Amino acid sequence: MIKNDSTAESAGRKIFRIGLVTCASNFERHQIMIQAFHQVLKKKGPYALYVITNYGIYYGDHFSWRGEAADYSLLDHIQLDGCILESNLASERMTGQLAERLRKRRIPVIAMNLNIDGVPSVNLKLAQAGRQLMKHLLEDRRCERIDLVVSPGHNVIFRDMLEMYREELEAHGLPYDPERIRETTVSVQNGRRMLNRIIEADPAPGLRAVICVHDVCAIGVSLEAEALGIRIPEDLLVCSLNYSQNSMIFRPDITGVDRADRTAVSLACDLMEKMISGEAVPPVSHYEGILRYGASTGCEIDEVAAERQRQALQHQAVNKIEMGGQVSRMMQFNDDLEKAESLGDWAQSMYDTLQDIGCRGVYCCLNHDDLPYIESNQEDRKTEDSPDYDSRMTVVTGFSQRTGEIRNLDFPLEELVPIQPAPGDQFLVLPIHHAARSYGYMVYLNDDLPIARYVFRIFQESLGSSLDNLHKKMMLKGNIRELDRLHMEDQMTGLYNRFALNRFAPEYIREGAYTTVLADMDGLKTINDTYGHLAGNNAICMIAESLREALSEGDLLLRYGGDEFLILSKNTDPLYWERFRSGLNGRLSRSGEKQKLPYAVGISIGYSICDGTGSCAIEKQIERADRQMYENKKARKALSGQKNPV
């Protein structure tokens, strides 16, 4: 069980690994939640917090990209003592799937603001604050109409709000009209669209209110109202549920229900502590929202609170100046990744940039079996049935105060990071994927969320695409090499063809001294006429193989014509080439006897040596070697009793 121990007392004790699974689509609240969990658990004892997150946007029943499959499949592999599924995941269906997989591994699970069968949950109870808000609008402000903008993604809040909205209208003798309820996803733009739809549906004048489940939509409604000349609060009251205090710096006069996140975090950590120790916990634990009034509902704002908001806004403006420079550096980083010509270049660009983001440790962990794939011209090694992550990962680049620089270190996936956790560690895990492929993940070790929103997005969007781009570069280079090979390769013998001479001859000429050898098969016409062209082809291949075996490394061998072969060598010893000539025919004779061929295979050879003291054009060298080769052929035929060369 997690206890409140000092560092000295907890040394040598088990480090409890607590997973926090979130989505960063609402980044400000996401940041607050991570820091709150870190602060609460840090006081409880020897723990490490593993934050697995993405930047996917949830649209009612699906993520805009791979939020479900790629980002959270890590949970199937890593070692955890407990896991909290935070409400930004947005989908009960998805959260239920994650919870079921964890529970099968006997890992305690808690859901935040999502009701999952059999999983303890900590839910915001809107009833008290929501009813207070409705009574203010109906009784104090005497609203003639209240429209509701909801996001079905926030399931618990969605259901609670609908129930409370209907009950309060009926309690005040007003009809419940489902047409006044607008469902939308969370964004400023959608808030603006909602207001236009509300006006189009009921253009009649009269004081009215719009309640948005999310403050971002409420901001959109307010901005559109001002653009249309609608006065707030004289003509329209705007308020929000699911309110986040740090959003007040964007629109401080919106009335909202504070979600009291830190209260929920403390409650969730207490429940997790009990579950790890085997104690029973209630199926649902509620915490109450607190209504905070703003001028958007016609109330006066607390001047002390307003001043704090103004200071926060000013601080943010200052940060944006710094942010511009950091964004510029990150865009340069993105360009460097895209220009990388090897995985080593890619890792070095990342290493150079990550040292500036202020973390105690950063690790780029890629699938071990993906490393050769990324730098190869192979097609995708993964199939639809392949896992997103390999059983072993490789840190291609990383560093920390604990380990120093790390390069190309393998470790088991279940460990998630290449270092043993220490009490109070916080690991932020950002998956790296592109299209339908997962490459690995980034791990950031820090006391607080180490990267700002813009950096987060650039990393999430660029790392996978740059690795995919690197692989495509390697495939293109491989294809070019293959085309080049096919262009210069003789298909029958596998040797270089005459096109290769222009490519490689300058290397020998440039260094001065070299030898040019021209070899021509004896009696090819006789073999073709007597035994057929297949026999002739076999004889040519025998010669090609014998030449390949007899030559030294660094010699260039190519098929110069039908039965002619050309050799370029840096060996300029004439005795060597005399022995080479006689030894080659002996090799061919033995090979023919071994194959029991009914015909003899021989070869005539001539060579020309350039000593490097004068000009040795390749054409002149070939011409001299050709004359010597015909002299050798005449001599060989004279010895065999033939009258005419073939």
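Computed over heavy atoms, backbone and side chain alike; hydrogens, waters and symmetry mates excluded. Just so we're clear, the structure is a prediction, and the values are computed from it rather than from any experiment.
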With heavy-atom distances below 4.5 Å as the criterion, would you say the side chains of [X] and [Y] are in contact?
{"X": "C365", "Y": "M442", "answer": "no"}
{"X": "L428", "Y": "V443", "answer": "no"}
{"X": "D147", "Y": "L195", "answer": "no"}
{"X": "V51", "Y": "V21", "answer": "no"}
{"X": "V210", "Y": "V149", "answer": "yes"}
{"X": "Y444", "Y": "V429", "answer": "no"}
{"X": "R180", "Y": "I146", "answer": "no"}
{"X": "Y47", "Y": "I15", "answer": "no"}

Residues two or more places apart in sequence or in another chain: which of them pass ring-ring contact (aromatic ring centres under 6.0 Å, His included) with Y50?
->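 Scan of Y50 (ring-ring contact (aromatic ring centres under 6.0 Å, His included), adjacent residues dropped) gives F427.
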
With [X] via side chain to side chain contact (heavy atoms under 4.5 Å, CB included) - residues at least two apart:
{"X": "I78", "value": "I52, L80, L416"}
{"X": "A36", "value": "R262, V265"}
{"X": "R106", "value": "none"}
{"X": "L174", "value": "L138, L169"}

Do any N or O atoms from the side chain of [X] and from the backbone of [Y] form a donor-acceptor pair under 3.5 angstrom?
{"X": "T297", "Y": "G294", "value": "yes"}
{"X": "N367", "Y": "S438", "value": "yes"}
{"X": "R105", "Y": "L75", "value": "yes"}
{"X": "D235", "Y": "I230", "value": "no"}
{"X": "S266", "Y": "T263", "value": "no"}

Could you list the residues that satisfy salt bridge (Lys or Arg N to Asp or Glu O under 4.0 Å) with [X], not counting sequence neighbours?
{"X": "D270", "value": "K44"}
{"X": "R182", "value": "none"}
{"X": "D76", "value": "R101"}

Which atoms form the tightest heavy-atom contact between [X] and [Y], and what is the distance?
{"X": "L267", "Y": "H286", "answer": "CD2-O, 4.2 Å"}
{"X": "A129", "Y": "G289", "answer": "CB-O, 3.4 Å"}
{"X": "A268", "Y": "M112", "answer": "CB-SD, 3.7 Å"}
{"X": "P120", "Y": "P282", "answer": "CB-O, 3.9 Å"}
{"X": "L237", "Y": "C143", "answer": "CD1-SG, 3.6 Å"}
{"X": "R17", "Y": "P421", "answer": "NH2-CD, 3.7 Å"}

Sequence neighbours excluded, which residues qualify as side chain to side chain donor-acceptor pair (under 3.5 Å) partners of [X]?
{"X": "Y441", "answer": "none"}
{"X": "S296", "answer": "none"}
{"X": "E170", "answer": "R166"}

First locate atom [atom1] of [X], then atom [atom2] of [Y], and finally report the distance between them rounded to the nearest 0.5 Å.
{"X": "N113", "Y": "K125", "atom1": "CG", "atom2": "NZ", "answer": "13.5 Å"}
{"X": "L20", "Y": "I18", "atom1": "CG", "atom2": "CD1", "answer": "10.5 Å"}
{"X": "Q426", "Y": "H38", "atom1": "CD", "atom2": "NE2", "answer": "5.0 Å"}
{"X": "I211", "Y": "L133", "atom1": "CD1", "atom2": "CG", "answer": "4.5 Å"}
{"X": "C299", "Y": "H136", "atom1": "SG", "atom2": "NE2", "answer": "3.5 Å"}
{"X": "M164", "Y": "L148", "atom1": "CE", "atom2": "CG", "answer": "8.0 Å"}

Please test I254 against C212 for side chain to side chain contact (heavy atoms under 4.5 Å, CB included), starting from the C-alpha separation and ending with a verdict.
-> CA-CA 10 Å; I254 294 177; C212 299; over 6 Å; no

Go through the steps for S285 and N123 under the test side chain to side chain contact (heavy atoms under 4.5 Å, CB included), then give the verdict.
-> CA-CA 6 Å; S285 299; N123 293 339; over 6 Å; no

Which residue, L271, V281, L85, forms the side chain to side chain contact (heavy atoms under 4.5 Å, CB included) with I110?
->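 Testing each of L271, V281, L85 against I110, the sole residue satisfying side chain to side chain contact (heavy atoms under 4.5 Å, CB included) is L271.
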
Is there a side chain to side chain contact (heavy atoms under 4.5 Å, CB included) between R192 and L223 once you walk through the steps?
-> CA-CA 7 Å; R192 289 176 163 180; L223 293 174; 3.6 Å; yes

Residue pair E86, I34: steps toward the side chain to side chain contact (heavy atoms under 4.5 Å, CB included) verdict = CA-CA 10 Å; E86 199 267 324; I34 292 176; over 6 Å; no

Only pairs at least two apart or in different chains count here, so list each salt bridge (Lys or Arg N to Asp or Glu O under 4.0 Å) that has a residue in residues 131-140.
-> R131-E167, R131-E168

